[in-house]
Structure formats: structure tokens, C-alpha cells
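Along the sequence shown, residues are numbered consecutively beginning with 1. As the structure lists them, so they are numbered: ligands from 1, and atoms in each ligand from 1.
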Amino acid sequence: MLDIKFDLTKEPKEKPQGPLGFGKIFTDHMFIMNYTEGKGWHDPRVEPYHEISLEPSAMVFHYGQEMFEGLKAYRGDDGKAFLFRPDMNAKRAIRSNERLCIPTIPEEDFVQAIKAVVNVDRDWIPTEPGTSLYIRPFIIATDPILGVAPSKTYLFIIILSPSGAYYSSGLAPVGIWIEDDYVRAVRGGLGYAKTGGNYAASLAAQVKAHDDGYEQVLWLDGVERKYIEEVGSMNIFFKIDGKIVTPMLSGSILPGITRDSVITLCKDWGYEVEERLISVDELLDAQKSGKLEEVFGTGTAAVISPVGKLRFGNEVMVIGDGTIGEVSQKLYDTVTGIQTGAIPDERGWRVEVN
Ligand SMILES: *Cc1c(COP(=O)(O)O)cnc(C)c1O
């Protein structure tokens, strides 16, 4: 249990009017906690949202020792606030920290910190359909030393951002660029950790894909550039000949919480779900023989993102008829329904902030 101190603002900001977008507006408060070697994590507190000052030599600026998480809070009809499977974020944070030599935070403390700051800013949770309060916990290495070594001091911070509906007019299928030159991660690397470095590695291909009119990049494995890994900030699923297929967690892809939820739901609905290697060739063959029935990405931001076309070299695979697939739609409705309370939660996924 953290002994959190609260210093609340006397000058609350105006709540935003109009479209929220994503990650541009921040609430009145933040959670912050320090780590010092020998002392452990200390001084957990909720404070007015403010700038932080670091020395230019702070390790995070030079060697990227940092991790982050991402989840959302939703408002219930009764003014209550809810999180979706925050224990899974806390567990994943521990695995990211271990990979990056960052001191871990116990699962209960991580969830307690999130609840504490969300509770203070619960009036910031937007209520329009599809909107939510995006929660961004992160840890940075702060030692003012240029030598390469794990830092001995850190900051753990949680900021909150009211976010607009990802889809303004129904689930719109996206175009995806399969990248065959740059790679994002390799087994043994950082791929399974949620850390900024993976995103730094992804930008060049993203720019290339955008220039060509594609929204997202689909990564191939870093060794043979043959097997499907994941998309930008989403895991990827295929419906091939009636079965649900997704790349297995090999160490180079991020173990998404939406991915885990989708696998659970599909199994409960009686679908055969395969977690395995999937080659681009298999997809091309499945598409040519009419067996590639649906493709969709999964992640906290979009929940389910239907894919309408996949480009690989000179080949463009068009999936379905340009509308969203049946399973994609059902998954979207079910996951968002559980998150908002419209559908009963039979699995204990919806956690009240109190
Ligand atoms: C966060 C993230 C995902 C999706 O994970 P969720 O827990 O479902 O939000 C997928 N891939 C990458 C690279 C990510 O950073």
C-alpha cells in the first residue's frame, strides 16, 4: 500500500469544449513518485499537473531508459469511474521494467496509483459515446550521468488525457503497409517491453507508409522478414477459413491486453484460435483462394481496427468488400460494451475506481 499525499489544485482548468482528439489535453492533476537506490520507491503524491525539470545530462535523454503503459478510464451512468483490466497493465509494467533494468513497482501499488489520480480527476472523464480518459503511466531514468549503466534514480509519473472517439463515423477499415526493409524488434531485444525505443525504431517506416497513403505499418520478423509480427501500436488478427489466427508471443511483439481479451472472447464464442507463425506467403495464398475473410488490429486506443487492404511490395490484398467484418464488429461491440458497462462483465475485467 502506498501512502499517497494529495496536494490538489486551487485553480482547476476549464474542461475542453469541442473535439478532444488524442493526447493533446491534460487534466488538473498528475501522480508522481521518486525512486532512489537504497531507499526504493518513495514520496508517492498527487499534485497539480506541472512541468518537471531535469538536468540535460539525465540518462533518459541519452540512452532511452524508460517505459510506459496505456489504458483508459470510462464513466458509468451513475458517475462512477471504471478501468479495464488494470492488473494486466501492472503485470506488463513489471516485465517491461525488468527488461530495462528499471526497479519494479508492485502490482497493487501500480493500480492504487492509477486509481488515486483518476479518482481526483474523475470529472475529466468525457461522457460522449466512444470517448474516454486515456491514462499514461511512465518511468524515466533521471541520474545526471553520461556513463552507460542503469540509473540509480527514477521518476514514475501518471498523466491523464481526455480523448475523443477513435472512430467518428463507424468503424472505418484502414490500409496497411507491410514493411519489408526496416524492422522493429528481434527476439531477445525490446519488442515485448512497452518502451519508447520501439517507437523510435518504427518512425522511418511509418513516414514511408504515410507518404504512400497507408495508415499503419505491419512489421515482419527481424530475422527472415517473412513472418507477421504486429502493427504500429496494435496486435494483428486474421480470420482465415473460419479460424482466428494471430502471431504467437515470441518475445519480439508486445503482449497486448486487448489481444488477450479478444482471444478469450473468440474461444468463448467457439472459434478455433491459433497463436502461431504466419508468413506473408500464407496470407497471399489465403487471399488468392478467398479464405482471408477478415483482418483486424487490436489495441487500447482503437480497441478493434478493421483492415481493408494490405500492401506487400507490388501486391495489394483487398480484404472483404470495404466494410467491417462480422467478427471484428462483434468484438468491438463486446469489448467496448464491457468497458462502458452496456454489457454485463462476466470475467471481472471492469474495475471500479474507488
Ligand atoms: C501498447 C501496444 C499494443 C497494444 O496493447 P494493448 O494492451 O492492447 O493496448 C500493441 N503493440 C504495441 C507495440 C504497443 O505498444
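- For atom 5 (O) of ligand 1, the closest non-hydrogen atom of the protein is Gly256 CA, 3.4 Å.
- Between Ala73 and Val118, the shortest heavy-atom distance links the atoms CB-CG1, 3.9 Å.
- Shown in contact with Met234 at under 4.0 Å from a heavy atom are these atoms of ligand 1, numbered in order with element: 10 (C), 11 (N).
- With respect to the salt-bridge test (charged N to carboxylate O, under 4.0 angstrom), the residues Lys5 and Asp3 qualify.
- Interatomic distance, NZ of Lys226 versus CG of Asp281, reported as 7.0 Å (0.5 Å rounding).
- The existence of a salt bridge linking Lys239 and Glu326 is excluded, since no basic side-chain nitrogen approaches an acidic carboxylate oxygen closer than 4.0 Å.
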**Item:** Worked check of ring pair (Phe, Tyr, Trp, His ring centres under 6.0 Å) between Phe82 and Tyr74
**Value:** CA-CA 5 Å; Phe82 293 90; Tyr74 309 85; 8.9 Å; no

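- Close approach of ligand 1 to Arg92 (heavy-atom distance below 4.0 Å) involves ligand atoms 5 (O), 6 (P), 7 (O).
- In terms of protein heavy atoms, atom 8 (O) of ligand 1 is closest to Thr258 OG1, 2.6 Å.
- Between Leu254 and ligand 1, no N or O atom pair is found at a separation short of 3.5 Å.
- The main-chain N or O of Phe138 is never found under 3.5 Å from a side-chain atom of Glu66 such that the two would form a donor-acceptor pair.
- Between the side chains of Ser328 and Glu294, at least one donor-acceptor pair of N or O atoms lies under 3.5 Å.
- Atom 9 (O) of ligand 1 has Thr300 OG1, 2.6 Å as its closest protein atom, hydrogens excluded (heavy atom only).
- The shortest separation from a heavy atom of Ser233 to ligand 1 is under 4.0 Å, placing the residue in contact.
- Among the candidates Arg99, Glu69, Met67, the single residue satisfying the side chain to side chain contact (heavy atoms under 4.5 Å, CB included) test with Lys194 is Glu69.
- Within the listing of ligand 1, atoms 13 (C) sit less than 4.0 angstrom from a heavy atom of Arg184.
- A side-chain donor from one of Ser261 and Arg85 sits under 3.5 Å from a side-chain acceptor of the other.
- Shortest contact from atom 15 (O) of ligand 1 to any protein heavy atom: Tyr199 OH, 2.5 Å.
- Under 4.0 angstrom from ligand 1, there are no non-hydrogen atoms of Glu69.
- When hydrogens are left out, the protein atom nearest atom 1 (C) of ligand 1 is Lys194 NZ, 1.4 Å; that is the closest non-hydrogen contact.
- Within the structure, ligand 1 lacks Pro255 among the residues with a heavy atom less than 4.0 angstrom away.
- Each of the atoms 10 (C), 11 (N), 12 (C), 13 (C) of ligand 1 lies under 4.0 Å from some heavy atom of Glu230.
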